[in-house]
Structure formats: C-alpha cells, structure tokens
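Working notes, beginning with the structure itself.
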Amino acid sequence: MCMWMPSLTSPQNTQKPCPHGDYPNDKGICCNKCIPGFKLVEMCQAEGQRSNCTQCPDGQYSDQLNFNSNCFSCKRCKETKNEIQVTECKKHQNTICKCKPGYYKYNIDSVTYECRKCATCGANQKEKQECLEDQNTLCVCEEDYYKVKSKCEPCKNCTDECSHRCSIYPTIKEEPGHPALINIIAGVVALAILLLIVVVFITHKITKRSTKKKLLKLSPKQTSVPVDSRVLINVEEPWDNDSVKAVPVSSVSEQDSILNLPDCVPLEIKIPELIYTVLDLVPVLQVKQLVRTLGVKDTEIEQAEMDHRSCKEAHYQMLRVWVERESRAGVGGRGGMLHQPLLDKLLDELRNMHLGRAAEELEIKYGLP
C-alpha cells in the first residue's frame, strides 16, 4: 500500500479517477470503502471485486465511509468532568455526552470541549438569557443601573448610560461667590489618592526586588529539583518487550523527593508500541503526510521505502527517524527517555490533519488527561 512513485513516469501510467466514494489501491484499482459500522479486512485485488469489510467489535465504532483496518474506541462520558451520557455507543456512532444540569459546553477546538459551571447573576443584575446547553448565562444590569467594568453602578448623574434618568435628577446650581469650589476640592483629593497609590506600588516593587536579591545572595547554590511528572517514552528496538511500566524520573535527595513528590508516578511508554499504535490508527495513505509534518525529509522517506519491502515496516522506520532526531535535539532528556512534549506534538499534528479521533484514541490508550 506504499504510494511510492518512481522518478521517471511513462505516459502509459495515467490513471483514471475513481468513482465518488471509491479509492485507488497500490495497484491503481478502484476499491470501495467500508460503510459506517465496518472496518477493512482486505482491499479488492481486481477490477469488479469488492473490498472485504467486517463489523466493528463491541466497544468500538466507525461513523464514516472508510478503508481503516481498525475501528475507534467508544467515548466514555466522564462524571468527573461533569458529563452525562445521552446516547450509548453504537457500531456506526460514537457515544454522545452532554454537560450535566448547571453546566454548559465550552468548545476549546473542533474536537475538544469542557463543561463549565453556569454563571449566576451578581448584585444589581438580572438574567436576560438562562444557561443553555452550549451557552453560559447572560446577565444584564437592572433598570437604573449601568455596567462599570464587571459591576453594575446606580445612575446618579446624567451620563450617556443614564440619559433616560436625566429628567429625574435635577442639576446642582453653584452658589454665588463659590464658583466650582466643590469640584476643585474633589479634584485635589482624587489626585492626592492617586499619588499615594503610585508611591505605595513603587515602594512595594522596590522592597520585593531587594528582598529577592538578598535571598539569592544568601543561598546561591540552592535550587529545587522538581520531580518531572510528565509522561516518559523509552527508545527501544521493535523486537523488545513493549510493556508499560512505572519508573523513577530523576535522582534527588530524600528531602527533595518528599517535597516534590508528584500526584502520580510517570509512565514509561515503549516506542515500538507507540509507533505501531499510530500506524493502526492513521490511514495508510496519510502516514507520509504525517511524518512530513513532523519534520521527516523526503530523502529519509524514500530511503525507508527502499530499505523495507513491507509498507508497514517502511512507515515504522519513518516514524523512528523522527523519534531519534527529537532525542538528539534534546527533547528526549537523559538516559534514552523522551518527555511528554514529543507525544503532545504528535497529538497536535494528528488534530491539524483532522485526525482528532486518532489523537483521542492515543489519549485513551495511555490514560492521558
């Protein structure tokens, strides 16, 4: 299934476009896609043949026409994230969740969202629109109040916000012989308060900076060594045991370990297991696009295809090139271990390629939040 093209092509290699809904295999034969609820077992091998598809197993689904060899794991509604289940998972449809009452759906991107608590209107506010499934409560100021920053202040003067009240509040006439005396006094008091605030702020900053310098002089060699609680990925060969096990991240003193102990022990994920999982989730025709976005050069892709007759092993080598380069660049840390930023970059590129379900599958598999 490797879409490797020779450097020289002949005019006879022109390929007719496939009908809508079909796709060309590695022999240039148009094959049909599997319907929702099914996955690909074997693609067609000759004109007029149909691809061999089988139904997704329990706990998995496929909601689109596809030529994937695997279905996707069903989503689980998380009570800890204030979700409730609306519709259970079916072969052709993922689980449908929604936010529980008192919460609304806040979209982070096209795939990810979180349930946030509905706001309650504050003092001198009234509810204009109640909290909906995908919209927070909308509050406005009560009558004869106007919004100043986040608070509602009462109308006392003839401002633009309170123009409808101007006829109610009479204007104050100045006493003869005292022109604008009250306004002058008020301005002086306001200026004095402002200067006092500025002086206090500057004094606070200077004191804080001086204290910090003194502390640095007293203990220049004391540094905290936080325990890295991110996911670690161990670089190993494909034939190694690909089990997942917990390992310590760094050697620190007993006192620092107690002070910086994380909430959970970081996981060491075997590279072969991760790569083969990615190859199972990403459609074959999109693997090259993925490794290119990760920074693998075309010459490296061609070399992998020449070195390996198996398409899957060639794709494995392409991803391996990316992992090893990131290790040499310093992302991997020490001792042949790679930190979570490498996995985060992979998940980001999958979402950028509209493969959000594959990214979600990896998060479920490795228990990422």
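Quantities reported herein were computed from a predicted structural model and do not represent experimental measurements.
- Applying the side-chain hydrogen bond (donor to acceptor under 3.5 Å, both in side chains) test to residues at least two apart or on different chains, the pairs with a partner in residues 348-357 are Asp63-Arg357, Arg351-Glu363.
- Residues meeting the salt bridge (charged side-chain N to carboxylate O under 4.0 Å, His left out) test with Lys297, sequence neighbours left out: none.
- Annotation: side chain to side chain donor-acceptor pair (under 3.5 Å) contacts of Gln45 (sequence neighbours excluded): Lys27.
- The side chain to side chain donor-acceptor pair (under 3.5 Å) check on Thr95 picks up nothing, with sequence neighbours excluded.
- Residues that satisfy the side chain to side chain donor-acceptor pair (under 3.5 Å) test with Asp307, not counting sequence neighbours, are Gln303.
- Sequence neighbours left out, not one pair with a member in residues 121-140 passes side-chain hydrogen bond (donor to acceptor under 3.5 Å, both in side chains).
- Leu65 shares a hydrophobic cluster with Ile35, Phe38; the chain of contacts runs through ILVMFWY side chains whose heavy atoms sit under 4.5 Å apart.
- Within the structure, salt bridge (charged side-chain N to carboxylate O under 4.0 Å, His left out) contacts touching residues 39-52 (residues at least two apart or in different chains) do not occur.
- Note on residues 105-120: pairs passing salt bridge (charged side-chain N to carboxylate O under 4.0 Å, His left out), not counting sequence neighbours, are Glu114-Arg116.
- Under the salt bridge (charged side-chain N to carboxylate O under 4.0 Å, His left out) criterion, Arg76 pairs with no residue, sequence neighbours left out.
- Not one N or O on the side chain of Asn52 forms a donor-acceptor pair closer than 3.5 Å with the backbone of Val41.
- Applying the salt bridge (charged side-chain N to carboxylate O under 4.0 Å, His left out) rule to pairs touching residues 86-101 yields Asp58-Lys91, sequence neighbours excluded.
- Residues Leu355 and Phe72 are members of separate hydrophobic clusters, defined by side-chain heavy-atom contacts under 4.5 angstrom among Ile, Leu, Val, Met, Phe, Trp and Tyr.
- You'll find the ring centres of Tyr113 and Tyr106 outside the 6.0 Å limit.
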Return a table of donor-acceptor pairs under 3.5 angstrom between the side chains of residues 184-206 and protein atoms on other chains or two or more places apart.
unit_1, atom_1, unit_2, atom_2, d
Thr203, OG1, Val199, O, 2.8

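- Using a cut-off of 4.0 Å between Lys/Arg side-chain N and Asp/Glu carboxylate O, Lys365 and Glu361 are scored as not salt-bridged.
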